[in-house]
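Everything on this sheet refers to the single structure shown next.
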Amino acid sequence: MKYYIIAGEASGDLHGSNLMKSLYKEDSEANIRFWGGDLMQQVGGVLVKHYKELAFMGFVEVLFHLKTILNNIKICKKDITDFQPDVIVFIDYPGFNLRIAKWAKKQGFKTHYYISPQIWAWKENRITEIKRDIDKMYVILPFEKDFYEKKHHYPVEFVGHPLIDAIHNHPSEDAAAFRKENQLNEKPIIAILPGSRKQEITKMLSIMLSVVHDFKDYQFVIAGAPSLEFSFYERFITCENIKFVSNKTYHLLSNATAALVTSGTATLETALFKVPEVVCYKGSWVSYQIAKRIITLKYISLVNLIMDEEVVAELIQEKCSKQPICDELNRILDSNYRQVLMQKYEELEAKLGGIGASEKTAKLIVADLK
């Protein structure tokens with residue numbers, strides 16, 4: 001069978017690579033073309049476009065790159081037409097993917113969506129497009145099944161969260177070797193996960209590192225994004241207690257005592273590595289005021305959304321400053337509090353459905369094509 005997969009971000013590349021591995025197991029004749037990244041390319045298939053050419057964030061940046069985005073859509077449609085896949089698999093990245101899905105459905109292609117757009121957070125009206133243009137939807141968060149089926153009467157498959165697979169399959173590295181290779185000392189590690197895009201890193205990193213001098217018995221290690229050079233981070237490394245590792249977030253979390261994390265998938269990754277964390281987020285005043293009016297969620301972190309309670313502290317906007325970060329970091333470094341948090345993390349993992357999301361999804365995709 002012929003599969004066309006579209007992933008537009010680093011997280012989509014990770015989950016797309018694991019899905020591809022499972023598709024090759026299920027279908028030994030699988031022929032795969034994809035939009036993704038290095039991880040998908042390592043599995044096999046043919047890379048059409050790298051996600052680094054696609055990731056534009058925010059209204060202004062999207063407008064500035066509109067010509068590029070429209071050209072990518074044109075390239076994608078032509079490539080699909082030439083390839084004639086048996087199924088197109090969209091992975092998150094809704095702004096681009098839903099536009100392709102609308103066209104693909106009219107052309108008679110099968111459309112499957114793995115990792116639902118977060119329409120439960122905002123743009124809920126996208127449900128109309130999804131119902132019209134997507135044949136099969138595979139959701140990865142337990143509350144999404146109720147959202148789609150009970151609220152919108154649209155059947156979906158809950159397959160579990162692929163991060164559990166990614167973390168379970170991640171090769172371990174000896175702690176001493178990790179420290180030596182990255183020039184880290186013996187002090188306990190506080191991981192700093194400031195995001196993957198320049199805008200959010202620039203906004204968040206100085207705030208997150210403002211507490212360094214209050215925790216001299218720890219070393220703060222910045223998780224560098226694979227798409228950014230060390231030179232971008234260099235200006236933030238202002239003392240010997242601040243270290244840097246590039247493209248090794250999972251190894252870093254494996255060795256961390258605590259973490260400061262911007263909102264997003266990283267909050268869930270940190271929890272699944274059983275690392276106590278503080279969620280930090282600060283956007284521009286205008287962006288925050290807009291978001292506050294269109295996003296009606298109780299929490300911003302996936303951990304709290306899934307558990308439907310404040311398991312990890314969320315410091316947002318004016319609360320995201322030096323003293324509150326200090327206070328919360330002290331709290332998660334306390335051994336008694338850490339025990340309570342670990343129990344909550346175990347409950348979280350159970351709710352996410354255990355390992356096998358990629359395998360379940362691949363089986364469902366292949367079964368639908370038979």
Side-chain angles (χ1 to χ4, degrees), residues 7 9-18 21 36-43 50-52 55 161-198 200-202 204-205 208-209 212 215 218-280 302-303 329 332 345 358:
E9 295 168 303
S11 61
D13 180 37
L14 171 65
H15 303 320
S17 69
N18 286 322
K21 287 173 193 172
D38 300 345
L39 296 175
M40 292 171 80
Q41 200 167 15
Q42 285 163 21
V43 178
H50 200 288
Y51 70 79
K52 287 178 186 175
H161 206 294
L163 272 182
I164 297 175
D165 287 356
I167 290 166
H168 182 77
N169 295 332
H170 189 258
S172 59
E173 184 179 7
D174 177 69
F178 173 76
R179 286 174 184 262
K180 185 178 179 183
E181 182 189 341
N182 295 284
Q183 299 176 321
L184 306 179
N185 55 43
E186 292 307 307
K187 288 180 181 178
I189 292 169
I190 294 174
I192 306 291
L193 278 59
S196 58
R197 296 182 176 96
K198 283 187 176 182
E200 62 183 347
I201 296 168
T202 303
M204 293 306 308
L205 201 43
M208 294 166 109
L209 292 171
V212 167
F215 295 87
Y218 296 84
Q219 57 188 323
F220 289 72
V221 184
I222 302 165
S227 55
L228 298 173
E229 299 295 325
F230 172 67
S231 55
F232 173 75
Y233 294 93
E234 210 165 359
R235 61 191 148 138
F236 299 101
I237 303 171
T238 56
C239 69
E240 62 177 22
N241 236 22
I242 302 172
K243 313 286 187 181
F244 175 84
V245 300
S246 181
N247 197 18
K248 288 187 179 173
T249 302
Y250 281 12
H251 287 308
L252 176 59
L253 288 172
S254 296
N255 290 280
T257 298
L260 301 178
V261 188
T262 53
S263 63
T265 307
T267 63
L268 186 55
E269 289 173 310
T270 304
L272 291 172
F273 271 100
K274 307 297 188 289
V275 179
E277 65 183 300
V278 181
V279 178
C280 307
L302 280 171
V303 175
L329 199 44
I332 63 172
Y345 280 175
S358 311

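All values below were derived from every heavy atom in this structure, side-chain atoms included, with hydrogens, water molecules and symmetry-related copies excluded.
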Contacts of N185 meeting side chain to side chain donor-acceptor pair (under 3.5 Å) (sequence neighbours excluded), chain-then-number -> Q219
Test of understanding: with ring-ring contact (aromatic ring centres under 6.0 Å, His included), list the residues that count as partners of H170, not counting sequence neighbours.
Y250, H251
CG of L268 to OG of S11, rounded to nearest 0.5 Å, is 11.5 Å
Flag the pair C280 / M204 as yes when at least one side-chain heavy-atom distance between them is below 4.5 Å, and no otherwise.
yes
Taking N182 for the side chain and L184 for the main chain, is one N or O donor matched with an acceptor at less than 3.5 Å?
no
Least distance between heavy atoms, G264 atom then L302 atom:
O-CD1, 4.2 Å
The reported gap from CD in E9 to CG in L14 (rounded to nearest 0.5 angstrom) is 12.5 Å
Is a side-chain N or O of Y345 found less than 3.5 angstrom from the main chain of T270, in a donor-acceptor match?
no
Which pair of heavy atoms, one from A175 and one from N255, lies closest together, and at what distance?
CB-OD1, 3.1 Å
So which pairs with a foot in residues 265-274 pass salt bridge (Lys or Arg N to Asp or Glu O under 4.0 Å), sequence neighbours left out?
K274-E349
What distance separates I189 CD1 from F178 CZ, expressed to the nearest 0.5 Å?
5.5 Å
Please report the shortest heavy-atom distance between M40 and A7, naming the atom on each side.
SD-CB, 4.1 Å
Measure the shortest side-chain to side-chain distance between I201 and L228 over non-hydrogen atoms and say whether it is less than 4.5 angstrom.
yes
Result block: side-chain N/O donor-acceptor pairs under 3.5 angstrom for residues 236-247, not counting sequence neighbours:
from	atom 1	to	atom 2	distance (Å)
N241	OD1	K187	NZ	3.1
N241	ND2	Y218	O	2.7
K243	NZ	E240	O	3.2

D13: partners by side chain to side chain donor-acceptor pair (under 3.5 Å), with sequence neighbours left out
none
Who are the side chain to side chain donor-acceptor pair (under 3.5 Å) partners of S358, not counting sequence neighbours?
D165
Rounded to the nearest 0.5 Å, how far apart are CG of L272 and NE2 of H161?
7.5 Å
Counterpart residues, side-chain contact (heavy atoms from CB on, under 4.5 Å), relative to A191 (two or more places apart)
L193, L252, L253, A256, A259
Residues two or more places apart in sequence or in another chain: which of them pass side chain to side chain donor-acceptor pair (under 3.5 Å) with E181?
K248
Quick check for you: to the nearest 0.5 Å, what is the distance between L205 atom CG and I222 atom CD1?
4.5 Å
When rounded to the nearest 0.5 Å, the distance separating CD of E277 from CD1 of I190 is 13.5 Å
Strictly by salt bridge (Lys or Arg N to Asp or Glu O under 4.0 Å), give each pair with a member in residues 219-238 just once, sequence neighbours left out.
none
